[in-house]
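Below is one structure, written out as structure tokens; comments come after it.
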Amino acid sequence: MKYYLKLGFVLLSITIIASGVLAYINSITKPIIEENQRKTKEEARLEVLPSAVAFDSLSYFNDEVVYIGKNENGEIVGYTFVASLYGYSGDVKTMIGVTQELVVNKIKIIEQKETPGLGANCQKQEFQKQFENKNKSSMLVDKDGGEIISITGATITTRTIANSIKTGLVMLEEITSELEELTSDKEEEIK
Amino acid sequence: MTFFKEFTKGFVKENPVFVMALGLCPVLAVSSSVENAIGMGAAATFVLVFSNIFISLIKNFIPNKIRIPSYIVVIASFVTIVDMVMEAYVPALHKNLGLFIPLIVVNCIILGRAEAFAGKNNVARSIVDGLGMGIGFTLALIVIAIIREILGAGQLLGFNVLPETYNPMLIAILAPGAFIVMGLLMGLMNMKKK
Amino acid sequence: MEFVAKIFSMAIAAIFVQNFVLARFLGLCPYIGVSKKLDSALGMGMAVIFVMTMASTFTWLIQTYLLVPFKIEFLQTIAFILTIASLVQLVEMVIQKTAPALYKALGVFLPLITTNCAVLGVAILNINEKFSFIEAILNGFFAGLGFTLVLLLMAGIREKLEKAELPKSMKGMPIAMIVAGCMALAFFGFAGLKI
């Protein structure tokens with residue numbers, strides 16, 4: 001019995017020491033990791049909507065903040081949101097910058113686990129460029145009769161991205177129309 | 001065995017991947033590009049060296065019965081450290097390697113070296129052994145990755161090395177290519193031995 | 001009905017489309033190591049299905065009711081691997097006492113399973129994919145099933161390969177790898193299958 005207690009004690013002390021060390025390292029790395037994630041998103045926002053200098057949060061979509069971008073004079077120049085859908089082997093997340101007319105300004109794939117050589121080619125600039133200046137009705141892949149040329153051997157990935165953006169644009173339309181109603185209501189009240 | 005031989009045995013003669021066929025999962029999974037291969041090799045070498053050091057230090061205090069669980073805890077701790085540090089300082093690489101970083105824990109090479117070497121030898125020898133085996137593992141990864149990246153993408157470390165007219169053999173960086181390249185390399189090693 | 005459809009699509013994904021061995025590169029050591037004979041492959045496959053289902057169950061509970069509430073998610077790797085190791089021990093003891101016949105069939109494979117990365121892999125994947133409790137258990141079961149399927153296919157091929165005339169240096173492991181490559185290629189046919 002005493003022997004087994006000793007065994008338990010040795011194993012327990014190793015585990016406790018290990019947990020202590022890990023807790024310490026975690027306390028150092030965690031803030032850095034969070035800061036990194038915040039920074040990548042901020043950079044992605046600026047990249048897809050370069051005309052904006054300030055971003056105000058507007059709503060939530062896919063657990064991410066939908067931002068409204070404003071220029072130096074405080075005028076609205078567009079919106080950014082994160083589109084996300086399950087692609088071929090994981091969620092494909094895309095940062096999307098949209099102009100005030102709800103036309104895509106620029107997109108940037110921020111997270112994907114698609115097959116290297118096939119779906120992972122969605123990170124290429126040429127692919128991402130073709131989404132620019134398109135609205136929600138033209139978010140259709142060539143295989144489905146649309147204009148978006150799908151990646152060779154990765155129609156699923158392409159379709160996923162197009163659909164996720166389309167859903168996002170529909171969501172944005174609802175939010176902005178609500179917003180307009182609100183502001184026009186207010187204006188009427190003032191009158 | 002001299003120190004030097006101890007160090008170099010893992011490179012070719014006792015190469016953990018080609019000769020002993022250990023730790024195949026990460027080798028095949030992350031060797032689609034040289035960059036990932038180097039990252040994985042470095043992470044595994046770090047864990048290998050440090051778990052070897054610790055295990056050879058504490059081996060006399062650990063009763064034989066709980067040897068394996070204790071080794072696993074030590075290894076898992078180092079793996080977690082690598083995981084956290086990589087996520088903080090090289091987030092892009094961390095994302096590429098993904099699941100295979102925590103899975104270093106169950107890499108048979110590491111537990112195998114702990115059991116077969118570090119649990120029986122002193123610290124200095126264990127460091128040399130860990131480093132040698134880690135480098136052997138990394139070399140194997142890099143060799144496979146070079147072949148796959150050149151054939152499959154026409155690139156090396158992300159730079160184009162083949163003329164524009166080369167049409168990449170996509171299959172080489174996909175799953176089947178990993179198996180086939182590995183099989184051919186193992187056959188080549190067998191042929192050299194005879 | 002929707003639930004049934006979801007389970008079905010999960011099964012297809014875990015067994016064929018995202019097969020643990022051929023698409024995710026998990027569990028390769030037993031796949032190459034224990035595929036020389038059909039009956040031992042079957043024993044290993046059964047043991048893996050059993051342990052993977054159990055491991056998915058327990059690791060999900062530990063993650064949800066222990067690691068997350070106490071904010072110690074960074075201990076995930078240690079907690080999971082210890083859970084799996086003790087689970088394998090426990091299963092071994094229970095089977096030995098209650099079902100000696102089953103123990104005889106599976107006994108030798110059980111200790112090997114602790115270091116099978118497919119088991120730890122499925123446990124972590126369940127958490128990463130944010131599966132519910134039921135989904136996690138089913139995913140563990142289906143992943144094990146997919147592993148067993150390709151292990152049996154491989155064993156069947158390798159039994160025939162024994163009789164094939166091969167260059168000496170390609171015998172054994174190298175040719176097994178090439179066969180695995182061809183199988184992975186065949187499984188590509190399932191790519192994009194979605195229900």
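Below, chain A is the first sequence line, B the second, and so on; all start at residue 1. Everything quoted here is computed from the prediction, not taken from an experiment.
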Notebook entry, point to check: Do any of residues 177-186 of chain C have a heavy atom less than 4.5 Å from a heavy atom of chain B, and if so, which, in residue order?
Noted result: Met177(C), Ile178(C), Ala180(C), Gly181(C), Ala184(C), Leu185(C)

Next item on the list: Classify the ring geometry between Tyr65(C) and Trp60(C) as parallel (under 30°), tilted (30 to 60°) or perpendicular (over 60°).
Entry: perpendicular

Notebook entry, point to check: Is the ring centre of Phe100(B) less than 6.0 Å from the ring centre of Phe25(C)?
Noted result: no

Notebook entry, point to check: Is it the side chain or the backbone of Leu184(B) that comes within 4.5 Å of chain C heavy atoms, both, or neither?
Noted result: both

Notebook entry, point to check: Which word best sums up how the rings of Phe11(B) and Phe7(B) line up, parallel for under 30°, tilted for 30 to 60°, or perpendicular for over 60°?
Noted result: perpendicular

Item checked: Under 3.5 Å donor-acceptor, Arg148(B) side chain and Val34(B) backbone -> no

Next item on the list: Quick one: which of Pro176(B), Gly177(B), Gly23(B) has the most heavy-atom pairs under 4.5 Å with chain C, could you say?
Entry: Pro176(B)

Check: Quick one: do the Asn121(B) and Ser126(B) side chains pair a donor with an acceptor below 3.5 Å?
Finding: no

Item checked: Over 12 non-hydrogen atoms of neighbours within 6.0 angstrom of CZ in Phe54(B) -> no

Next item on the list: Name the option with the most non-hydrogen atom pairs under 4.5 Å to chain C; the candidates are Gly187(B), Ala76(B), Cys25(B).
Entry: Cys25(B)

Checklist line | Part of Val105(B) within contact of chain C (heavy atom distance under 4.5 Å) | finding: side chain

Check: Can you tell which of Val21(C), Asn128(C), Thr77(C), Leu75(C) has the highest number of heavy-atom pairs within less than 4.5 Å of chain B?
Finding: Thr77(C)

Next item on the list: Over 60° means perpendicular and under 30° means parallel, so classify the ring planes of Phe190(C) and Phe16(C), tilted if in between.
Entry: tilted

Next item on the list: Enter the distance from Leu149(C):CG to Phe147(C):CZ here, rounded to the nearest 0.5 Å.
Entry: 11.0 Å

Item checked: Heavy-atom pair count under 4.5 Å with chain C, highest-scoring of Ile75(B), Leu24(B), Asn107(B), Leu111(B) -> Leu24(B)

Checklist line | Residue Leu99(B) versus chain C: region with a heavy atom under 4.5 Å | finding: side chain

Checklist line | chain C contacts, top residue of Leu28(B), Leu103(B), Val27(B) (heavy-atom pairs, under 4.5 Å) | finding: Leu28(B)

Next item on the list: May I ask you to check whether Phe46(B) and Phe50(B) place their ring centers less than 6.0 Å from one another?
Entry: yes

Check: For Gln89(C), does the CD atom have more than 12 heavy-atom neighbours from other residues, nucleotides or ligands under 6.0 Å away?
Finding: no

